[in-house]
Amino acid sequence: MNRLLITSLLPLAAVLGGCVSTGYYQAGNKLADLCESNGPDTRIASPTAESQGGMFGNVIVSGDCVSPGDEGYDEAMTIEEYRASIGKKPT
């Protein structure tokens with residue numbers, strides 16, 4: 001009986017795990033879009049992502065949009081590098 005229960009829950013776990021990764025992807029793209037709207041040379045510094053509340057919670061992505069001349073600009077990721085790091089190939 002336990003084996004059948006575990007086997008039936010595996011697909012559910014896979015689907016819910018996909019929801020969290022989709023949440024990271026969507027939230028990360030919103031951060032990239034926001035920074036990109038500040039200008040073509042804007043970069044993203046100190047990006048972080050976390051899930052709060054488990055499978056049915058929220059995904060929070062944060063980072064700083066920095067422009068040339070701002071502190072940390074040279075170490076920050078370009079928009080394309082950031083999008084690639086969250087799974088989207090630069091367009």
Side-chain angles (χ1 to χ4, degrees):
M1 179 70 173
N2 285 339
R3 182 176 286 191
L4 178 62
L5 178 62
I6 292 170
T7 304
S8 65
L9 292 178
L10 287 176
L12 178 61
V15 168
L16 293 176
C19 293
V20 172
S21 64
T22 299
Y24 281 124
Y25 178 77
Q26 290 176 344
N29 273 309
K30 286 185 182 183
L31 173 63
D33 291 344
L34 176 69
C35 288
E36 196 170 42
S37 71
N38 290 338
D41 295 329
T42 304
R43 294 184 176 183
I44 301 174
S46 306
T48 61
E50 66 180 83
S51 176
Q52 296 181 340
M55 292 182 276
F56 302 105
N58 298 315
V59 173
I60 298 173
V61 174
S62 65
D64 296 321
C65 301
V66 292
S67 298
D70 290 345
E71 184 177 334
Y73 180 79
D74 293 333
E75 296 82 24
M77 298 172 81
T78 65
I79 301 297
E80 292 81 18
E81 290 171 336
Y82 179 72
R83 286 190 195 275
S85 75
I86 60 171
K88 180 180 179 185
K89 293 186 171 133
T91 56

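- Under the side-chain contact (heavy atoms from CB on, under 4.5 Å) criterion, Glu50 pairs with Gln52, Ile60, not counting sequence neighbours.
- Considering CZ of Arg43 and CD of Glu36, their distance stands at 14.0 Å, rounded to 0.5 Å.
- Contact annotation: the side chain of Asp64 never approaches that of Ile44 to less than 4.5 Å [non-hydrogen atoms, C-beta and beyond].
- The heavy-atom pair separating Leu34 from Ser37 by the smallest distance is O-OG, 2.6 Å.
- In this structure, Val59 and Tyr24 approach most closely via the heavy-atom pair CG1-CD2, 3.3 Å.
- Judged purely by atom type and a 3.5 angstrom limit, Asn29 has no side-chain atom pairing as donor or acceptor with the backbone of Gln26.
- The two atoms that bring Tyr82 and Gly28 nearest to each other are CE2-O, 3.2 Å, heavy atoms only.
- The two residues Ala76 and Glu81 make their nearest non-hydrogen contact at O-OE1, 4.3 Å.
- Here Glu75 contributes atom CD and Ser46 contributes atom OG; the two are 9.5 Å apart, rounded to the nearest 0.5 Å.
- In this structure, Asp41 and Ser67 have side chains that are not in contact, with every pair of non-hydrogen atoms separated by 4.5 Å or more.
- Side-chain contact between Arg83 and Ile79: present, with at least one pair of heavy atoms (C-beta onward) separated by less than 4.5 Å.
- Annotation for Val66: hydrophobic cluster partners, listed by chain and number, are Tyr73 (ILVMFWY side-chain heavy atoms under 4.5 Å, direct or chained).
- The two residues Val61 and Ala27 make their nearest non-hydrogen contact at CG2-CB, 3.4 Å.
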